[in-house]
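Have a look at the structure below before the remarks.
So that the names make sense, note that chain A is the first sequence line, chain B the second, and so on, each numbered from 1. Reckoned from all heavy atoms, side chains included, excluding hydrogens, waters and symmetry mates.
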Number of protein chains: 2
Amino acid sequence: MTNNNIISFEHVKIACKSCTLNSLCLPMGLDQGDVEKLDAIVRRGRPAHRGDHLFREGEGFRSLYVVKTGSVKTYIPSEDGGEQVLGFHLPGELIGLDAIDEERHHCSAKVLETSAICEVPFKRLEELSLTLPSLQHQMYRLLSKEISHETDMLALLGSRNAEERLASFLVSISDRLLRRGFSATDFYLSMSRNEIGSYLGLAVETVSRLFTRFHDEGRLKVERKHVELIDLDGLRTIVENSDHFVNKRKRAT
Amino acid sequence: MTNNNIISFEHVKIACKSCTLNSLCLPMGLDQGDVEKLDAIVRRGRPAHRGDHLFREGEGFRSLYVVKTGSVKTYIPSEDGGEQVLGFHLPGELIGLDAIDEERHHCSAKVLETSAICEVPFKRLEELSLTLPSLQHQMYRLLSKEISHETDMLALLGSRNAEERLASFLVSISDRLLRRGFSATDFYLSMSRNEIGSYLGLAVETVSRLFTRFHDEGRLKVERKHVELIDLDGLRTIVENSDHFVNKRKRAT
DNA sequence: CAATTTCGTTGACACAGATCAACATCGCAA
DNA sequence: TTGCGATGTTGATCTGTGTCAACGAAATTG
């Protein structure tokens, strides 16, 4: 307890076993002793800052990363500086799973705000998961969950209009923040309108107009990054009632 | 060798170790003895027919499925008979990976043409993968590959126009058929225009018009399900040269 | 085999959302 | 403090693709 910086820095380096995220993250389902074995291979670095990269497209794959605090985006850059945003990652979420197959990163990961990140060397995680059945199981679950989540996004991009996309985005952020112990209705978005638009397959202007529309309809209050959801149920209704998939049939086949 | 039906039926029941797909499928990287252990848990059923379901949305998860011959689509049904197609699955591809996490299927899987399907009970596969490091590794790789593939689809749906989407679809089918030893330029599509449209986030009419346009431009010959790619390189160019991601920046940040 | 349904194609038209443009505001640097 | 690029908002306009409609051909049914 020499000074505040050191105290807060130590706080960031908290071990898995006392991390509040351990029910969302890799340690889920592991008993005390096993968590310690996992702890032994996890690297906890200095806080990362806005704009830092965890990895870039094309780099060799060595580690998975877990957001402990803050947020990260993954995206595919194009030569001319454009980019396609693939996802936003909140505390407890694993990043880099798509690189296991070819041992090469297919996208870049950039920190959106000051964040604490855990690095998990994959080779060692893989070895450990051979000896810890519940860790292997959790790995399968986390990989599967990622597939599920992307599947949901495919359905979103394949068959929903702009309003439904933004509503779905807000509800998703809200749900994920709530699970992590934050407010479900009052939060700061760490990503720009541009990034939201890219993620949702919409132009920036459309995103901006929709925020304004939702505001005018009394569904939320928004002032730049700060969002306060007033009618979360209404937003959920927009998401759920949108059953107008493109290809309807007279009868099920 | 009593009659032809029995011969061909036995042919379908070929073991993993002599299956031509084993370099794409679960056995990849396993040595002879390990493949036999895997063989012991794989179930090979009667041929499945067009319209058969491997599983339906909401059902409990027990097994993964692998296409041995033929093709399968996965999709999310909606009450009114509409559907969002999530993917088309060719020989060697695993189906059902999204269900591991919650032990429940989030989508339905329907056979598109007479197909041979291997069923792999997941519990037993998981147990086996604890004792066979290369099988565990292959599982991680296959799950990761699925994530990569869906990531590519997200980028496609998020930032490409109709022409690029159909070109990308045709190139993808072509590549995958080639890897499996089929012609890369001459094939039958087992899915309808409707299903292609749903998969690509386009209306049926748009898909139809694009086939006609590609035909008129001399890129391919098409007659209903039968497609002959004449200018595969041209189609690849359409896919690769489309760097007009929605959100461009003056400089990278 | 005719009857019926499904599927694919084509044309006319409409509209959601992209694009272009102008401007306000923010945040950072000097 | 001023300047300036990045970001966000709003309005006007354009356009790619969806929607609606009609029709022929193929597949399915009885």
Side-chain angles (χ1 to χ4, degrees), chain A residues 49-51 81-83 85 112-114 156-167 188-198 200-216 220-227 238 242 244-253, chain B residues 49-51 81-83 85 112-114 156-167 188-198 200-216 220-227 238 242 244-253:
Chain A
H49 298 289
R50 175 171 177 78
E83 60 184 47
V85 173
L112 288 170
E113 62 191 311
T114 303
L156 184 86
L157 294 179
S159 60
R160 305 220 153 147
N161 67 22
E163 181 183 70
E164 292 158 1
R165 292 181 199 193
L166 188 64
Y188 281 80
L189 295 171
S190 58
M191 69 293 291
S192 69
R193 300 285 190 271
N194 222 303
E195 289 163 337
I196 296 172
S198 173
L200 297 176
L202 300 172
V204 205
E205 295 90 332
T206 303
V207 174
S208 184
R209 276 185 255 267
L210 282 168
F211 269 115
T212 306
R213 193 205 298 176
F214 283 161
H215 185 109
D216 293 348
L220 49 75
K221 286 185 186 164
V222 58
E223 205 200 334
R224 303 209 128 227
K225 308 276 193 200
H226 181 213
V227 177
I238 291 177
S242 51
H244 47 77
F245 281 145
V246 179
N247 303 285
K248 305 214 175 181
R249 307 242 174 131
K250 270 86 188 185
R251 22 168 236 180
T253 42
Chain B
H49 298 289
R50 175 171 177 77
E83 60 184 46
V85 173
L112 288 170
E113 62 190 314
T114 303
L156 185 86
L157 294 179
S159 59
R160 305 220 153 146
N161 67 23
E163 182 184 67
E164 292 157 2
R165 292 182 198 193
L166 187 64
Y188 282 80
L189 295 171
S190 59
M191 69 293 289
S192 69
R193 299 285 190 270
N194 223 302
E195 289 162 336
I196 296 172
S198 172
L200 297 177
L202 301 172
V204 206
E205 295 90 333
T206 303
V207 174
S208 184
R209 277 185 256 267
L210 282 168
F211 269 115
T212 305
R213 194 206 296 177
F214 283 160
H215 185 110
D216 293 347
L220 48 75
K221 285 184 187 165
V222 58
E223 203 200 335
R224 305 209 126 226
K225 309 274 192 199
H226 181 214
V227 177
I238 292 177
S242 51
H244 48 78
F245 283 146
V246 180
N247 303 283
K248 305 216 175 180
R249 307 241 174 130
K250 270 86 188 186
R251 20 167 240 180
T253 43

Taken to the nearest whole Å, CG/B/Leu112 to P/C/dC7 is 12 Å
### Message
Within the 4.5 Å heavy-atom criterion, are A/Leu166 and A/Ile238 side-chain neighbours or not?
### Response
no
One would report the end-axis bend of the helix from C/dC1-D/dG30 to C/dA30-D/dT1, five pairs per end and rounded to 10 degrees, as 50°
Note: A/Leu220 and A/Phe211 closest approach over all heavy atoms is CD1-O, 3.9 Å
Inset, instruction - Would you mind reporting whether A/Leu210 and A/Arg213 have side-chain heavy atoms less than 4.5 Å apart? - result: yes
Quiz item: Less than 4.5 Å apart, any side-chain heavy atom of B/Val222 and any of B/Phe214?
Solution: no
Tell me which donor-acceptor pairs under 3.5 Å the side chains of residues 201-208 of chain A have, and how far apart each pair is, sequence neighbours excluded?
none

Margin query: Should the side chain of B/Arg209 and the base of C/dG11 be counted as holding a donor-acceptor pair, with the cut-off at 3.5 Å?
Written below: yes
From CG of A/Leu210 across to P of C/dA16 the rounded distance in Å is 12 Å
A/Asp216 atom CG is separated from D/dG11 atom P, nearest whole Å, by 10 Å
Could you go through nucleotides 26-30 of chain C and list every protein N or O atom that sits under 3.5 Å from one of its N or O atoms, giving the distance for each pair?
none

Where the side chain of B/Arg193 meets the backbone of B/Arg224, is there a donor-acceptor pair that is under 3.5 Å apart?
yes
| said: Test your reading of the model: is there a side-chain donor-acceptor pair from B/Arg50 to the backbone of B/Thr114, 3.5 Å cut-off? | reply: no
Query raised in the report: Does OP1 or OP2 of C/dT10 have a side-chain N or O of B/Thr212 closer than 4.0 Å?
Result: yes
Rounded to whole Å, the CZ-P distance (B/Arg165 to D/dG16) equals 14 Å
Interatomic distance, CD@B/Glu163 vs CZ@B/Arg209, rounded to 0.5 Å, equals 14.5 Å
Of all heavy-atom pairs linking B/Leu112 and B/Glu195, the shortest is CD2-OE1, 3.8 Å
State whether A/Lys225 places a side-chain N or O below 4.0 Å from either non-bridging phosphate oxygen (OP1 or OP2) of D/dT7. no
Side-chain contact check for B/Ser208: nearest option of C/dG17, C/dG8, D/dT17 is C/dG8
Within less than 4.0 Å of OP1 or OP2 of C/dA18, is there a side-chain N or O belonging to A/Thr206? yes
| request: Test for a donor-acceptor pair under 3.5 Å between the base of C/dC7 and the side chain of B/Glu195, counting only N and O atoms. | output: no
Quick note, A/Ala203 side chain, CB onward, closest among C/dA18, D/dG8, D/dG18 is C/dA18
To the nearest angstrom, the CD-P distance between A/Glu205 and D/dT9 comes to 11 Å
When rounded to whole Å, the CG to P distance for the pair A/Leu200 and C/dG17 reads 12 Å
- prompt: Do B/Leu200 and B/Leu156 come close enough that some side-chain heavy atom pair is under 4.5 Å?
  reply: yes
Here the distance between atom C1' of D/dA26 and atom CZ of B/Arg193, to the nearest Å, is 13 Å
Between CG of B/Asn194 and P of C/dT9 the distance, given in whole Å, is 12 Å
